[in-house]
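What follows is a set of notes on a single structure, which appears directly below.
Lettering follows sequence order; numbering is per chain, from 1.
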2 protein chains.
Amino acid sequence: MISNATRSLSVTDHLRESILSGGLPAGTKLQEVRLSEELGVSRTPIRAALQTLSAAGLLDYAPNRGYVVREFPISELVDAYEIRGALEGLAARFTAERGLGDNQRLVIGQSLTKGRDILTASDLMNDHVLAIIGETNASFHDTIMEASLNRLLSQMAQMSFQIPRVSNRNIIAFSLDELRQRHDEHYLIYEALLARSATKAETLMRDHVASIKFAAVRALRETR
Amino acid sequence: MISNATRSLSVTDHLRESILSGGLPAGTKLQEVRLSEELGVSRTPIRAALQTLSAAGLLDYAPNRGYVVREFPISELVDAYEIRGALEGLAARFTAERGLGDNQRLVIGQSLTKGRDILTASDLMNDHVLAIIGETNASFHDTIMEASLNRLLSQMAQMSFQIPRVSNRNIIAFSLDELRQRHDEHYLIYEALLARSATKAETLMRDHVASIKFAAVRALRETR
DNA sequence: CAATTTGAAAATGTATACAAAATTAATTGA
DNA sequence: TCAATTAATTTTGTATACATTTTCAAATTG
């Protein structure tokens with residue numbers, strides 16, 4: 001399978017995870033020999049990982065001076081949701097224009113059913129519900145992005161996720177009622193996609209992401 | 001200066017240019033030893049460049065199988081302008097909300113004056129006019145992107161430019177009259193930014209990029 | 001003759017040695 | 001004592017050797 005995501009799998013992923021989780025806070029200097037000793041590999045794969053993460057925007061780089069975990073201002077974190085809204089809105093529009101594939105329609109349909117079932121059955125929030133909802137949610141958004149048939153868009157959307165503390169479920173704390181609202185929005189978007197209503201799909205998706213943003217911002221304020 | 005753009009400067013830039021200009025068409029296998037011989041450096045900087053360009057989305061990569069110049073469908077090329085419109089629209093909104101810095105206001109003001117002067121003085125298109133307009137145009141868009149104070153956004157916008165045959169001036173053939181229209185749009189956007197009208201600035205910018213898209217698509221059809 | 005296996009060639013992945021630059025420590029001078 | 005210069009150390013940049021994987025062609029087998 002051809003892709004540009006797979007690489008020095010373990011090293012790159014390990015460092016990325018450390019940065020996104022906050023284990024390597026902003027300003028941390030990432031030195032090659034030190035990392036190579038810690039991770040038990042030579043400098044070569046370390047360098048590859050640093051270059052990849054720098055290109056992904058997680059590290060600052062200066063020639064002959066190395067890599068530093070970059071700062072992520074709160075403002076930028078909020079902006080990331082605006083960007084996501086714009087990009088996913090475009091993805092919804094493209095998908096409506098181009099139409100869902102049979103398999104994609106099936107995947108989204110199933111994830112919606114699964115989400116509805118768990119949301120009607122449960123009266124309270126727990127890890128099980130959150131896991132299912134997180135899964136179906138990711139499936140919904142990923143499938144639409146994929147159906148947009150635009151690699152640039154997919155790549156950018158992925159980038160907008162790779163910001164510390166915005167990794168999907170970590171911070172966002174929805175109430176059960178809010179989850180039901182988000183589910184309903186998913187359903188409306190799905191209908192717009194099936195009806196090939198491009199503008200409607202885009203608008204609904206933008207508003208949907210905006211709703212998610214509000215919850216994320218609220219959760220962020222509560223945390224601090 | 002800290003950035004993540006500067007790197008194996010020459011090699012990366014050389015390969016990128018070759019890809020964007022079409023010198024290395026889609027499907028071309030980029031082999032490390034071959035490139036290292038051609039460019040007169042070892043495999044190490046070649047690998048760094050390939051990894052960077054892969055992360056930038058210009059190359060496909062498969063582990064143990066190397067890098068290939070990826071395909072850029074026409075549809076994606078058109079979509080790139082939609083994405084640019086959304087991103088630059090957001091940049092305009094953020095900039096209106098946050099306000100232009102003194103220097104940024106000056107830069108844009110001067111580029112607008114310069115553009116107006118050349119567009120009123122000239123009766124016909126020539127390389128000189130095109131060069132000036134291209135310069136002032138880039139200055140306008142870059143400054144707004146910079147003023148948005150969002151690195152993620154800037155990074156994505158830059159990516160949306162790095163697609164073969166969409167490198168700004170190459171294909172786009174405006175008439176003098178159209179250039180004047182684009183200039184007027186620039187001016188209206190500038191006014192909206194000064195007035196801190198966020199929504200207006202975003203809408204105007206989106207429409208402006210859409211106008212550019214139309215010309216690009218038209219030029220593309222004429223070329224083929 | 002077609003399909004599979006096998007082996008040589010070539011390509012990528014990793015480790016390491018050396019070069020160049022930057023950082024830090026030490027020395028010198030007033 | 002403090003500033004500037006110099007030396008030593010550390011760190012990144014590059015080249016190259018070796019390991020592993022893939023590729024491709026020749027040979028074997030049915």
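Closest approach of A/Leu100 to A/Ala147, counting heavy atoms only: CD2-CB, 3.9 Å.
Under a 3.5 Å cut-off, the side chain of B/Ser154 and the backbone N or O of B/Asn150 do form a donor-acceptor pair. A side-chain donor-acceptor contact under 3.5 Å links A/Arg196 to the backbone of A/Ala96.
Scanning atom types as modelled, no donor and acceptor separated by under 3.5 angstrom connect the side chain of B/Arg65 and the base of C/dG13.
Residue-to-nucleotide proximity on DNA chain C shows that, of A/Lys29 and B/Val33, the 5′-proximal contact is made by B/Val33. If B/Gln31 and B/Thr44 are placed on DNA chain C by their nearest nucleotide, the residue sitting closer to the 5' end is B/Gln31.
For the pair B/Arg43 CZ and D/dG13 C1', the computed distance is 16 Å after rounding to whole Å. The distance from atom CD of A/Glu37 to atom C1' of C/dT16 is 14 Å, rounded to the nearest whole Å. In this structure, A/Ile46 places its CD1 atom 14 Å from C1' of D/dT12, rounding to the nearest Å. The separation between B/Glu32 atom CD and C/dA10 atom C1' is 12 Å, rounded to whole Å. The interatomic distance linking B/Tyr67 (OH) with C/dA10 (P) rounds to 22 Å, in whole Å. Counting to the nearest Å, the P atom of D/dT21 and the CG atom of B/Asn64 are 7 Å from each other.
By the 4.5 Å heavy-atom criterion applied to side chains, A/Leu59 and A/Ile19 are counted as neighbours.
Using a 4.0 Å cut-off, no side-chain N or O of A/Ser42 falls inside it from OP1 or OP2 of C/dT14. Close to C/dT12, at under 4.0 Å from its OP1 or OP2, lies no side-chain N or O of B/Arg47.
Across all strands shown, B/Leu30 has heavy atoms under 4.0 Å from sugar-phosphate atoms exclusively, and none from any base.
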